[in-house]
Amino acid sequence: MGLEWGIGIVIVGFLLVVAASKSVTKPLRWAGVLALQFVIGAVLLFFANIIGEMAGYHIPINPVTAFLTGFLRIPGVLAMVVIKLYFV
């Protein structure tokens, strides 16, 4: 085993120790929660767009609308529909 492999194993081991510490797990947990909010919002907007095809409107699915809808859930979808119908 060469010197490069030894250095690589030490670096990977250090990164694993840092990843397992609490100082890293809390920010990763928040990142997971935010990602889940984006996914929930995108799914809710997808179903709102399927239903909206009958009424002739479409709400774009982008990071801002997905996050707001994911954070507010059903009231967020309703707010997006009201904004789309009356203000845009």
Side-chain angles (χ1 to χ4, degrees):
M1 185 161 59
L3 181 63
E4 295 87 13
W5 280 97
I7 293 172
I9 289 173
V10 169
I11 291 173
V12 169
F14 177 73
L15 291 175
L16 288 174
V17 169
V18 169
S21 70
K22 283 192 172 193
S23 64
V24 176
T25 56
K26 284 188 181 185
L28 288 177
R29 186 176 307 150
W30 280 104
V33 169
L34 288 175
L36 183 65
Q37 296 300 327
F38 279 111
V39 169
I40 290 171
V43 168
L44 286 173
L45 286 173
F46 175 75
F47 286 120
N49 284 333
I50 289 175
I51 294 170
E53 286 180 8
M54 291 182 266
Y57 70 89
H58 172 75
I59 302 171
I61 300 175
N62 57 42
V64 174
T65 58
F67 179 72
L68 289 174
T69 305
F71 184 71
L72 297 173
R73 309 289 165 105
I74 300 298
V77 173
L78 295 176
M80 294 289 174
V81 169
V82 168
I83 290 169
K84 178 72 175 181
L85 290 176
Y86 293 110
F87 296 112
V88 176

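Being a predicted model, the structure only gives us computed values, none of them experimental.
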* To do: Please report the shortest heavy-atom distance between Val77 and Ala48, naming the atom on each side.
  => CG1-CB, 3.8 Å
* Honestly curious: do Val64 and Val82 fall in one hydrophobic cluster under the side-chain, below-4.5 Å linking rule? -> yes
* Heavy-atom pair of closest approach, residues Tyr57 and Val81 -> OH-CG2, 3.6 Å
* Donor-acceptor under 3.5 Å (Asn49 side chain, Ile59 main chain) -> yes
* To do: Kindly work out whether a path of hydrophobic side-chain contacts (I/L/V/M/F/W/Y, heavy atoms less than 4.5 Å apart) joins Ile51 to Leu44.
  => no
* **Atom pair CG (Leu68) and CD (Gln37), whose distance is rounded to the nearest 0.5 Å** => 11.0 Å
* Taking the side chain as C-beta and beyond, is there a heavy-atom pair between Leu78 and Leu72 under 4.5 Å? -> no
* Roughly how far, to the nearest 0.5 Å, is CZ of Arg73 from CD1 of Ile40? -> 4.0 Å
* Asked: Is Leu85 reachable from Met80 through a run of I, L, V, M, F, W or Y residues, each pair having side-chain heavy atoms under 4.5 Å apart?
  -> yes
* Are Phe47 and Leu45 co-members of a hydrophobic cluster defined by side-chain heavy atoms under 4.5 Å apart? -> yes
* Asked: Transitively linked via ILVMFWY side-chain contacts under 4.5 Å: Val10 with Phe14?
  -> no
* **For the student: nearest non-hydrogen atoms of Thr69 and Thr65, plus distance** => OG1-O, 2.7 Å
* Where is the tightest heavy-atom contact between Ala66 and Ala42, given as atom of each residue plus distance? -> CB-N, 4.0 Å
